Each structure stands twice: as C-alpha cells, then as structure tokens.
Amino acid sequence: FSASLDFSVDLVSPKGETSENIFSDSKEIKEKEINYLQLEGQFELDTTNVEGKYKIIFNIKDNNSNKSTFAEIEVDLEE
C-alpha cells in the first residue's frame, strides 16, 4: 500500500477574512498495511490576530485518487 497526501491549513478570522495555506506539507508513505495516518500542522498567531472565534480548516488531498476532503474546527482566541 502507499499513500501520497498534500495537506494545508486555512484560518478564518472572527471578521470572516480567510488566510489560506498558513501551513502546508505533504506526506508519502509506503507500508505493508496502512491502518491510520496521522497528519500534523503547526503555525503561530501573533499580535495582529484579535480575540474572538477563529475557524481552522485542514485541507487534505489524496494524490493517488485526486480526491479531496477537509476538517474544520472553531477555536476561541483569548488574551
């Protein structure tokens, strides 16, 4: 089995402004069997990011099938 994935993170501010690809990476795996695949993304927010609810969108593309999906979560940024 093999997996070839591209993934990126978008950030939506409390004002609805989207910053695309604040993190991006790819992962290639060749294993006898793939039970699960862990993807991690890390990014920093600075003082230009105001308090409020942000949406983090994790975009994933399978390069073998050309299919894409995403996962999103809302987080509260507090001082």
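All values below come from the heavy atoms of this structure, side chains included, with hydrogens, waters and symmetry mates left out. Because the structure is predicted, anything quoted here is derived from the model rather than measured.
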Quiz item: Rounded to the nearest 0.5 Å, how far does NZ of K55 lie from CD of E72?
Solution: 4.5 Å
Quiz item: Got a second to check how far F43's CZ is from S19's OG, nearest 0.5 Å?
Solution: 10.0 Å
Quiz item: Under the side-chain contact (heavy atoms from CB on, under 4.5 Å) test, which residues partner S68, sequence neighbours left out?
Solution: K61
Quiz item: What do you reckon, is CD of Q42 surrounded by more than 12 foreign heavy atoms closer than 6.0 Å?
Solution: no
Quiz item: Between the side chains of T18 and D10, is a donor N or O closer than 3.5 angstrom to an acceptor N or O?
Solution: no
Quiz prompt | Side-chain heavy atoms of F70 within contact of I60, under 4.5 Å | solution = no
Exercise. Please step through side-chain contact (heavy atoms from CB on, under 4.5 Å) for the pair L11 and I56, ending with a clear verdict.
Key: CA-CA 5 Å; L11 182 69; I56 298 172; 3.9 Å; yes
Quiz item: How long is the span from the NZ atom in K27 to the CG atom in N63, to the nearest 0.5 Å?
Solution: 14.0 Å
Exercise. First locate atom OG of S8, then atom CG of N59, and finally report the distance between them rounded to the nearest 0.5 Å.
Key: 4.0 Å
Self-check item: For S26 against D6, the heavy-atom pair lying closest together
Solution: CB-OD1, 3.2 Å
Quiz item: Is the CD atom of E51 crowded by more than 12 outside heavy atoms at less than 6.0 Å?
Solution: yes
Quiz item: Going by the angle between their ring planes, with limits at 30° and 60°, are F23 and F7 parallel, tilted or perpendicular?
Solution: tilted
Practice problem: Determine, using the 4.5 Å side-chain heavy-atom cutoff (strictly less than), whether L45 and F58 are members of one ILVMFWY cluster. | Solution: yes
Practice problem: Give a yes or no on whether I57 and I73 share a hydrophobic cluster (residues Ile, Leu, Val, Met, Phe, Trp, Tyr; joining criterion: side-chain heavy atoms under 4.5 Å apart). | Solution: no
Exercise. Could you tell me which residues satisfy side-chain contact (heavy atoms from CB on, under 4.5 Å) with E17, sequence neighbours excluded, listed by chain and number?
Key: S13, K15
Quiz item: Of the options V75, V12, D76, L77, which is the one that meets K53 in a side-chain contact (heavy atoms from CB on, under 4.5 Å)?
Solution: D76
Practice problem: Apply the test side-chain hydrogen bond (donor to acceptor under 3.5 Å, both in side chains) to residues D62 and S65: give CA-CA distance (whole Å), side-chain angles for both, the deciding distance (0.1 Å), then the verdict. | Solution: CA-CA 6 Å; D62 178 348; S65 69; 3.3 Å; yes
